[in-house]
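Below is one structure, written out as structure tokens; comments come after it.
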Amino acid sequence: MKTIKLLLVWAVVAVSNQAFAQNTTAKIETLPKDKKTNCYIRYYYYPNLEAYFDNLTLVYHYKEKGEWKTAPELPSNYGGYSMYNKAHVIINDYDDDKPYELLKIHKKLYPYNSKGRFTTRTTASSE
């Protein structure tokens, strides 16, 4: 009897974990799409960090010791940076998996400005 109860509990846990995992998997079709470029709005670029935030997988792409890393949070040496309180640029012309391949272009298009102001229309600044 004890074994049956244990198996039943295990089955319920396994089924609920499977259902939860399926519900939390993000799909690119859920992201907004730019009408001009026909690309999904997947990334935010932070000029002062030279880092990206991926809206699909909810991770940051940042450089550490010369290598690109991904993590759900920025490392502590980024000073507790929040994606909601600083200027960021919406990347509306790229929706593949490696936005950092365009870093040189993004650095030229959106140079860091300590006041958080940009002149380009494809940018957004959180207030």
Side-chain angles (χ1 to χ4, degrees):
M1 187 68 159
K2 193 174 191 179
T3 306
I4 292 172
K5 286 181 182 179
L6 195 58
L7 280 173
L8 184 61
V9 168
W10 180 83
V12 168
V13 169
V15 169
S16 65
N17 281 343
Q18 181 68 19
F20 180 74
Q22 288 176 351
N23 290 338
T24 59
T25 303
K27 294 185 179 177
I28 196 159
E29 294 85 19
T30 62
L31 296 175
K33 205 171 200 182
D34 186 87
K35 292 177 183 172
K36 287 184 180 178
T37 62
N38 206 29
C39 286
Y40 292 99
I41 310 270
R42 182 171 173 182
Y43 296 103
Y44 293 138
Y45 169 60
Y46 295 92
N48 58 333
L49 299 176
E50 295 181 3
Y52 296 89
F53 180 76
D54 186 343
N55 286 311
L56 182 63
T57 58
L58 303 177
V59 296
Y60 288 92
H61 296 272
Y62 59 93
K63 212 170 198 180
E64 186 175 80
K65 296 181 183 175
E67 285 189 37
W68 284 96
K69 309 272 185 179
T70 56
E73 294 181 8
L74 291 170
S76 60
N77 61 331
Y78 279 88
Y81 188 86
S82 170
M83 66 181 266
Y84 298 108
N85 68 359
K86 298 289 182 184
H88 64 276
V89 178
I90 296 172
I91 304 300
N92 63 351
D93 59 354
Y94 184 82
D95 56 11
D96 262 348
D97 293 329
K98 297 179 181 177
Y100 44 83
E101 290 177 345
L102 302 175
L103 181 63
K104 287 183 182 180
I105 295 168
H106 293 149
K107 282 173 70 171
K108 286 181 183 177
L109 287 174
Y110 315 111
Y112 170 63
N113 182 335
S114 62
K115 295 185 180 9
R117 296 186 190 122
F118 297 96
T119 58
T120 310
R121 293 179 57 133
T122 60
T123 61
S125 176
S126 299
E127 312 254 332

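Both backbone and side-chain heavy atoms feed into the values below; hydrogens, waters and symmetry mates do not.
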Worksheet item: Are Leu74 and Tyr62 side-chain neighbours, meaning at least one heavy-atom pair lies under 4.5 Å?
Response: yes
Fill in: Nearest heavy atoms of Leu103 and Trp68, plus distance in Å
CD2-CZ2, 3.6 Å
Response to the item:
The reported gap from CD in Glu29 to CG in Leu56 (rounded to nearest 0.5 angstrom) is 9.0 Å
Item to complete: With sequence neighbours left out, write down each residue that passes salt bridge (charged side-chain N to carboxylate O under 4.0 Å, His left out) with Glu50, or none if nothing qualifies.
Response: Lys107
Discussion item. Does any part of the side chain of Asp54, heavy atoms only, come nearer than 4.5 Å to the side chain of Tyr60, both counted from C-beta?
Written reply: no
Item to complete: Would you please test Leu58 and Phe53 for side-chain contact (heavy atoms from CB on, under 4.5 Å) and show each step?
Response: CA-CA 7 Å; Leu58 303 177; Phe53 180 76; 3.9 Å; yes
Worksheet item: So, Thr37 side chain and Asn92 main chain: donor-acceptor pair closer than 3.5 Å or not?
Response: yes
Item to complete: Of all the heavy-atom pairs spanning His61 and Pro99, show the shortest one and how long it is.
Response: CD2-CG, 4.1 Å
Worksheet, complete the sentence: Distance col, row Ile28:CD1 vs Cys39:SG, nearest 0.5 angstrom, shows 9.0 Å
Discussion item. Give me the atom names and distance for the closest heavy-atom approach of Ile91 to Tyr110.
Written reply: CD1-CE1, 4.4 Å
Fill in: Contacts of Tyr45 that satisfy side chain to side chain donor-acceptor pair (under 3.5 Å) - sequence neighbours left out
none
Discussion item. For Ile41 versus Asn55, what's the shortest heavy-atom pair and its separation?
Written reply: O-ND2, 3.8 Å
Practice prompt. Considering non-hydrogen atoms only, spot the tightest contact between His88 and Tyr44 and give its length.
Written response: CD2-CD2, 3.4 Å
Practice prompt. For Val59 and Thr57, work out which heavy atoms get closest and say how close.
Written response: CG2-OG1, 3.1 Å
Worksheet item: Which side-chain hydrogen bond (donor to acceptor under 3.5 Å, both in side chains) pairs, counting each pair once, include a residue from residues 93-104, with sequence neighbours left out?
Response: Arg42-Asp97
